[in-house]
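The sequence lines fix the lettering, A, B, ..., with proteins before strands; numbering per chain opens at 1.
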Amino acid sequence: MSVFDSMVGQERARTELTRAVADAALSSPGAAMTHAWLFTGPPGSGRSVAARAFAAALVCPDGGCGHCPDCHTALLGSHADVDHVATEAMTISVERARSLVLEASTAPSVGRWRVIVLEDADRLTESANNALLKSLEEPTRHTVWLLCAPSMEDVLPTIRSRCRHVMLTTPTTSDVARHLVERDGVDEAMAAFAARASMGHIGRARGLARDEQARLTRAATLSLPANVSSLGSALLSARELVDAATERGAERTKSVDEVERVELARGLGVENPERPPKWARSEFKRLKDAQDKRRKRATIDELDRDLQDLLSFYRDVLVVQVGGEVPLVNAELRVSIEKVASRYQPEITMRSMEAILDAREKIAAYVTPLLAVEELTLALRAS
Amino acid sequence: MLTPMAITPLTVITGNEELLIDRALKGLIASAGDDDIEIVTLSARTLQTGQLGVSTSPSLFGGTPLVVVDGVENLVLSNPDVAASLDEVMAYLSAPNPDAMVVLVHGGGNGGKGVLTAAKKAGAATIKTPTSPSGNALRQNRAEFVKTELAAFPCHADPQTIEVLINAVGTKLRDLSGACAQLVSDLGVGGLLDEETVRRYYGGRVEVQGFDIADQVLAGRIAEALGLLRHARESGVPAVLVTAACGRSLRQLALVATSPRGAPADSVAALSGAPPWKVKDLRALARDWSEPGLASAITAVAVADTDVKTGAIDPEFALERMLIAVGRARGQR
């Protein structure tokens, strides 16, 4: 067993990282090891999983055995020499970056390496980027930076050029299915469905395989194309989609919000977090603002996932229309896919797909979600 | 000096409203009964040694000097920057010139109390002008002000009218006073100022909100909508609120328009998100709209929202283009 077992279908990256771990263990580290790494790969390919595994392997005396305390704590994010940075906000601020640089300059306390895992490196603000440059280029001897981003283009060239690049690819459907069966004990049929429906997104596949609610939500989203036949139904479908995403976003953040509020109250010695006294109100206000931001992003993420599902539907329609010999993502909806496919020309399907991509971009750019989705459903109705 | 005058060598005016302080000053000048008064305004903060003495000395050709010293509340002992000014004022107060008028204006607060006490000892008269309250009391205060202002002409207005006037003009006393004078001079003295007149005069300015713009454009009045847009933007309504309001109004209109003809107002209201009383109006509006028209109008709003949020183009242009597109969509069959 090895910590790298959690990487799904990434043979090349795995070989590279294993070599680096071996070289890192030498008394004078070999060429396969370096001090700054950039993990890129499409969402769900396991960037942060790979980075965590690499971090664990570096701090583990056995090169990532997967069962010693060092491996465990590193994977969980509580190892003394591994700093995890992930954000739930839209950006990572320059203040946060500066504090990281400070942490990066301290020597490791138990092992040989201090590892800083910076997930969402694409969310660094420009000034945060600049704050990191010096430390990325010449960190102290025992510090290793692990950055994660969707693609090379998502980080500044100055960051890119200072890192060694590890490229992860979208795992194949069979890789994902096998992983679900072996690691999560999902039965084969469900694993096959989840792997197919998630289009190689491991976390999403796991969610679909385990959670019935997730499957129902997905089915509801995919029923949208059949329901947008008129102006009224297009607007109502848009509202339903956005409302459901908002609800899920709130649901996802609710329990954390509550814990944070109670903790803040305890820290400040406030008895009732619902009605803080005057002197503590600004603290609670600040917390609430941060939570609102996080909820907003959770909603946007949910909505984006819905739109990806919709995109997969039209992709299938297109596959049927052009007689492509690749498996359908939504094979269980073959009947309604074929119905839509027979009604329109491939050009119109392409236009629908473009409209979906357009809506995704807009929502990511903070356009009012409901308006963006309405524009989309109106476009889908017309086609 | 040939004519004997009732000049007051020392006066203290307290208050924080420039207009009221000005009026108090005018009253002071009028009571002096001298039309040859030379007004000098000095700031208490920047007084130079000897400046008060020079300004209050009678000149060969000029009349009685009236020296206004503004901002006496800034003369606090603990601030070394104003030590020289403080000395200057205190020195003058110990020996004021009986042939000059000096007015100390104190804007409220605890600063400069020493100066006020010294002034009183030197025999200063005090004129207190009302200070403006903050928060909710301000509007009440302004309503009273407008009432007395109008009564002075005389002219009358009911509280509702006064409310509308304040909404339109704002809460600055000078603006309100100017508006009252303007309205009365056009209407004639002794009349009753009604709400309708105020709305006619300040029509474009009464609380323009995103929804007012949406209402106009939905009814096909593009020019009015554009006018209101300009005004709303001038008065600080954010661009995103305009797109949000237009989006919501169009959404309601579209859902009302596509609801079954005979459906009860309550269920249509629930479906469309419009308040029940508005459903009837929306139904009437919907007669001028077709489904393709509504669809392209909503798309135009979504495009404008994107333009505004991403900063792709100038927000004024994006909004104007949106209003024109929505207005045109109304005629679309």
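- Of residues 301-312 of chain B, those residues lying under 4.5 Å from chain A by any heavy-atom pair are V301(B), A302(B), V303(B), D305(B), T306(B), K309(B), T310(B).
- In R343(A), the CZ atom is crowded: over 12 heavy atoms of neighbouring residues, nucleotides or ligands sit closer than 6.0 Å.
- When all heavy atoms of R239(A) and G273(B) are compared, the closest pair comes out as NH1-N, 4.5 Å.
- Around atom CZ of R305(A), more than 12 heavy atoms belonging to other residues, nucleotides or ligands sit under 6.0 Å away.
- The contact between S272(B) and chain A is made entirely by backbone atoms, counting heavy-atom distances below 4.5 Å.
- When the shell of 6.0 Å around CE of M152(A) is examined, it contains more than 12 heavy atoms from other residues, nucleotides or ligands.
- Not a single side chain to side chain donor-acceptor pair (under 3.5 Å) links E73(B) to another residue, sequence neighbours left out.
- Residues that satisfy the side chain to side chain donor-acceptor pair (under 3.5 Å) test with E338(A), not counting sequence neighbours, are R334(A).
- The contact list for residues 278-294 of chain B toward chain A, using heavy atoms and a distance under 4.5 Å, reads E291(B), L294(B) by residue number.
- Residue R230(B) qualifies as open at atom CZ: its count of foreign heavy atoms under 6.0 Å is 12 or below.
- When all heavy atoms of L231(A) and A254(B) are compared, the pair lying nearest together is CD2-CB, 4.0 Å.
- L371(A) contributes atom CG, which lies 5.5 Å from atom CZ of R251(B) (distance to the nearest 0.5 angstrom).
- A 6.0 Å sphere centred on CZ of R328(B) holds no more than 12 heavy atoms belonging to other residues, nucleotides or ligands.
- For E247(A), the CD atom sits in a loose shell: 12 or fewer heavy atoms of surrounding residues, nucleotides or ligands are nearer than 6.0 Å.
- When side chains are defined from C-beta on, L235(A) counts as touching I298(B), because their heavy atoms get closer than 4.5 Å.
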Might you work through the side-chain contact (heavy atoms from CB on, under 4.5 Å) test for T299(B) and E374(A), ending with a clear yes or no?
-> CA-CA 8 Å; T299(B) 307; E374(A) 277 170 350; over 6 Å; no
